[in-house]
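Worksheet: one structure, shown below.
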Amino acid sequence: MGTDEYVCPQCGQPVATVVRRHKTLGAWVPLWRPGPCRNPKCAAYLGESAEESPDEREESATEKS
């Protein structure tokens, strides 16, 4: 947990920090990563409807079953 601020590699705009998790030795460990770009003029812009990444959708599907 540092004071790192992430920026979009395409446009250089600051992006939010997103907390993901992975399992290590039976415990869920947080992993801080850059979030999606919210600049509509950027080539990396995903839009407002793309809130979850494919990894998050897969994790939520396995948690429900």
Side-chain angles (χ1 to χ4, degrees):
M1 244 171 77
T3 57
D4 296 334
E5 290 189 20
Y6 295 104
V7 294
C8 175
Q10 298 287 325
C11 65
Q13 292 277 335
V15 295
T17 302
V18 178
V19 180
R20 304 254 165 89
R21 61 187 188 147
H22 67 280
K23 206 168 197 177
T24 301
L25 297 174
W28 289 103
V29 179
L31 180 65
W32 286 266
R33 292 188 173 178
C37 184
R38 300 288 183 199
N39 181 3
K41 296 177 184 176
C42 179
Y45 177 68
L46 295 177
E48 295 298 322
S49 63
E51 289 296 320
E52 286 188 347
S53 72
D55 293 335
E56 290 174 331
R57 282 185 229 127
E58 184 179 310
E59 279 182 5
S60 63
T62 56
E63 289 173 1
K64 290 178 185 175
S65 50

From CD (Gln13) to CG (Asn39), nearest 0.5 Å: 5.0 Å
From Arg38 atom CZ to Tyr45 atom OH, the distance as rounded to the nearest 0.5 Å: 7.5 Å
Distance-minimising heavy-atom pair for Val18 and Gly35: CG2-CA, 3.2 Å
All side chain to side chain contact (heavy atoms under 4.5 Å, CB included) counterparts of Pro30, not counting sequence neighbours: Val19, Trp32
